[in-house]
Undergrad: 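Handing you this structure, nothing more for now.
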Number of protein chains: 2
Amino acid sequence: MVKPIQALARGLTVVNAINNAAGPVSLADLHRVTGIDRATLLRILTTLGQEGWVYRGMGDRLYRLTYKLHELGGQVQIRDAMAQVAAPVLERLQQQLHWPCDISVFDGDSMAIIETSRSRSPFVLNREVIDYRPSMLKSAIGRAYLAYCDDRLRTTILRRLSEQGGEEGRLAKDSVYIERMLSEVRERGYGVRDPSIKSLPSDTEEEFRAIALPILVKGEVQACLSFVWMKSAYPDPDIDQVFYAKLRPGAEELAQLFEQHQLY
Amino acid sequence: MVKPIQALARGLTVVNAINNAAGPVSLADLHRVTGIDRATLLRILTTLGQEGWVYRGMGDRLYRLTYKLHELGGQVQIRDAMAQVAAPVLERLQQQLHWPCDISVFDGDSMAIIETSRSRSPFVLNREVIDYRPSMLKSAIGRAYLAYCDDRLRTTILRRLSEQGGEEGRLAKDSVYIERMLSEVRERGYGVRDPSIKSLPSDTEEEFRAIALPILVKGEVQACLSFVWMKSAYPDPDIDQVFYAKLRPGAEELAQLFEQHQLY
DNA sequence: CCGAGCATTTCACTCAGTGAAAATAAAAAG
DNA sequence: CTTTTTATTTTCACTGAGTGAAATGCTCGG
């Protein structure tokens, strides 16, 4: 196990303390709050100052966080934040269900998988899942997204798909196919992968099934929670119902978390 | 002199490195960029992880900054940021002119002094200047702000002032007085303190004079740069012209800095 | 002028941070 | 599938860096 660095941890504690305080703080304030010796505090603050993290007002000589932190936080992508918030939930679901789950968002013209519990799964399927873009019309996540997204957005997506050739383009124009597929998803509450495709490049030997649930924040799909398993492991043809029942609370929890953190 | 803490500085360097990188980074990436030993890096990353500063994607096992930094940066006030950015300029002006300067912003109904070089001045006037609210109509900074602010805002401010009693209320209703005062400020390019008032509580023994320049970012006053001196030290009655000439580049530099950092 | 509270400096001790190297794990090549 | 290469993690011994007690210096209020 890796032993953490106390000196660093203390420094971060001080940054937090300054941040949590109502306003600018004095050294004595920080001493009271953190319990760290004044001499040590002074050295920590000097270091933070040199690195441009805290700043000392000339007038009152009190410590404040610098504008640098604005710039730091600004770089963090909403997508990263979603992945971070979702990770513990994914892990829990994975432990319950023994198969990996993914979180994906719509990005431009297709779904992007932003986080997965696959690396912790005893069944390693594919390590490069992240950023793999599955079919919008046949994958479970694509279907789930389309079924719950805004009408205007769906129209736009389908138009773009139909402009590009191939089977994807052909299906996008087939309004009967689309409508039936969408209403099936809405009726069930989750998207199911078209059995004819193998959503991941590695799905060569075994047959996999997948379902995906929309994560609805304030009535809008912000992401999809998907789940994959090996068909041969379960004889029951209605096994997806069982998985759905267990995944649904997870999807709702994720929706709440996203709402809390304003990730939409 | 205080010896900075290396262990902390390195940790902060790592945070910067992760932030500056294009995307998520591996341990090896960080080793290349920072030159810190892999073992040490691992411990730093573990510490940062425990404190909730960096996060490791489950899928790709790469390091990213957490959403926490968003929250940290969010707390930093624009006002603090202005004070920080302005401080070095104030200090330089102070060294050139040997009298203190202040930066103030309009806040609600009056001007708030947010930073001052007074503590470094050989002439200590008053240590509690910060947050002292001088008269809007007679102080140099109040006048400078009124003269350059948006017409609608000026009307609102004057209306509010006239609603409150006292001399301030009486003057606010005196449109002849107001108009003459404002056009004088605009003609000169700076506000001058009404000699009848003592803008700071401590101005009891000596007579002080003060001038204030608007800091115009994209045509709008975002703050005022003010300058105070003891009248008795300079026999020349036109000394304010001299000071103005030296302060003006400072005000323009501040305007540029504020624009760069988007502090408006 | 003195005393209380706060900031800063000094200093000795020891333990925590460090980097070389080895072991393990994961990819890539053959 | 096996070998080679590359990346990650663990181990460990050394010492210099971080630590807190105490002393000093500074600022303000009475």
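Chain identifiers are assigned alphabetically (A, B, ...) following the order of the sequence lines, protein sequences preceding nucleic acid strands; residue numbering begins at 1 within each chain.
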Undergrad: In whole Å, what is the span from the CG atom of B:Leu42 to the C1' atom of C:dA21?
TA: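 Spelled out: CG on B:Leu42 to C1' on C:dA21 is 16 Å.
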Undergrad: Distances under 3.5 Å only, N/O to N/O: pair up the protein atoms with those of nucleotides 11-16 of chain C.
TA:
none

Undergrad: Just compare C:dT8, C:dG19, C:dT9 and give me whichever is closest to any side-chain atom of A:Ala39.
TA: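 In terms of side-chain proximity for A:Ala39, the closest of C:dT8, C:dG19, C:dT9 is C:dT9.
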Undergrad: Between atom CG in A:Leu30 and atom C1' in C:dC6, what is the gap in whole Å?
TA: 13 Å
Undergrad: To the nearest Å, how far apart are A:Leu48 CG and D:dG18 C1'?
TA: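 Rounded to the whole Å, the gap is 15 Å.
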Undergrad: I want to confirm an ordering. Mapping B:Ile44 and A:Arg32 to their closest nucleotides on DNA chain C, which one lands closer to the 5' end?
TA: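 Its nearest nucleotide lies further toward 5', so the answer is A:Arg32.
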Undergrad: Specify the separation, in whole Å, of atom OH of B:Tyr63 and atom P of D:dT8.
TA: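 Computing the B:Tyr63:OH to D:dT8:P distance gives 8 Å.
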Undergrad: Tell me every residue that passes salt bridge (charged side-chain N to carboxylate O under 4.0 Å, His left out) with B:Glu168, counting only those two or more places apart in sequence or in another chain.
TA: none
Undergrad: When you get a sec, tell me which of C:dG19, C:dT8, D:dG20 is the closest nucleotide to the side chain of B:Asp37?
TA: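 Of the options given, the side chain of B:Asp37 lies nearest C:dG19.
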Undergrad: Nearest to the side chain of A:Ala28 - C:dC6, D:dT8, D:dG20?
TA: C:dC6
Undergrad: When the ring planes of B:Phe106 and B:Tyr145 are compared, do they come out parallel, tilted or perpendicular, using 30° and 60° as the limits?
TA: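 Plane angle under 30°, so parallel.
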Undergrad: Listed by chain and number, what are the side-chain hydrogen bond (donor to acceptor under 3.5 Å, both in side chains) partners of A:Gln222, not counting sequence neighbours?
TA: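 side-chain hydrogen bond (donor to acceptor under 3.5 Å, both in side chains) list for A:Gln222, sorted by chain: empty.
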Undergrad: Looking at residues at least two apart in the chain, or sitting in another chain, which of them share a side-chain contact (heavy atoms from CB on, under 4.5 Å) with B:Thr46?
TA: A:Val2, B:Gln50
Undergrad: To the nearest Å, give me how far apart NE2 (B:His31) and P (D:dT8) are.
TA: 11 Å
Undergrad: Quickly work out the B:Arg61 CZ to D:dT9 C1' distance and round it to whole Å.
TA: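 From B:Arg61 CZ to D:dT9 C1': 11 Å.
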Undergrad: Give DNA chain C the dot-bracket treatment, 5' to 3': Watson-Crick (N1-N3 with N6-O4 or O6-N4) or G-U (N1-O2, O6-N3) under 3.5 Å, [ ] crossing, | other strand.
TA: ||||||||||||||||||||||||||||||
Undergrad: May I ask you to decide if A:Val192's main-chain N or O and A:Arg143's side chain share a donor-acceptor pair within less than 3.5 Å?
TA: yes
Undergrad: What residues form a side-chain hydrogen bond (donor to acceptor under 3.5 Å, both in side chains) with A:Tyr55, not counting sequence neighbours?
TA: B:Glu115
Undergrad: On DNA chain C, compare the nucleotides closest to A:Arg38 and A:Leu8; which residue's is nearer the 5' end?
TA: A:Arg38
Undergrad: D:dA7 C1' sits how many Å from B:Leu41 CG, rounded?
TA: 13 Å
Undergrad: Quick one: A:Arg10 CZ to D:dG18 C1', roughly how many Å, whole number?
TA: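 The answer, rounded to whole Å, is 8 Å.
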Undergrad: Below 30° counts as parallel, above 60° as perpendicular, anything between as tilted: where do the rings of A:His261 and B:Tyr67 land?
TA: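 Perpendicular, since the angle between the ring planes exceeds 60°.
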Undergrad: Using the side-chain hydrogen bond (donor to acceptor under 3.5 Å, both in side chains) criterion, which residues pair with A:Glu167? Sequence neighbours excluded.
TA: A:Lys138
Undergrad: Applying salt bridge (charged side-chain N to carboxylate O under 4.0 Å, His left out), can you list everything that pairs with B:Glu51, at least two apart in sequence or on another chain?
TA: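 Residues passing salt bridge (charged side-chain N to carboxylate O under 4.0 Å, His left out) with B:Glu51: none at all.
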Undergrad: Quick one: salt bridge (charged side-chain N to carboxylate O under 4.0 Å, His left out) partners of A:Arg32, sequence neighbours excluded?
TA: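 A:Asp29.
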Undergrad: Which one, C:dA7, D:dT8, C:dG19, comes nearest to the side chain of A:Ser26?
TA: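 Nearest nucleotide to the side chain: C:dA7.
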Undergrad: Considering just the side-chain nitrogens and oxygens of A:Thr40, establish if one lies under 4.0 Å of OP1 or OP2 belonging to D:dG18.
TA: no
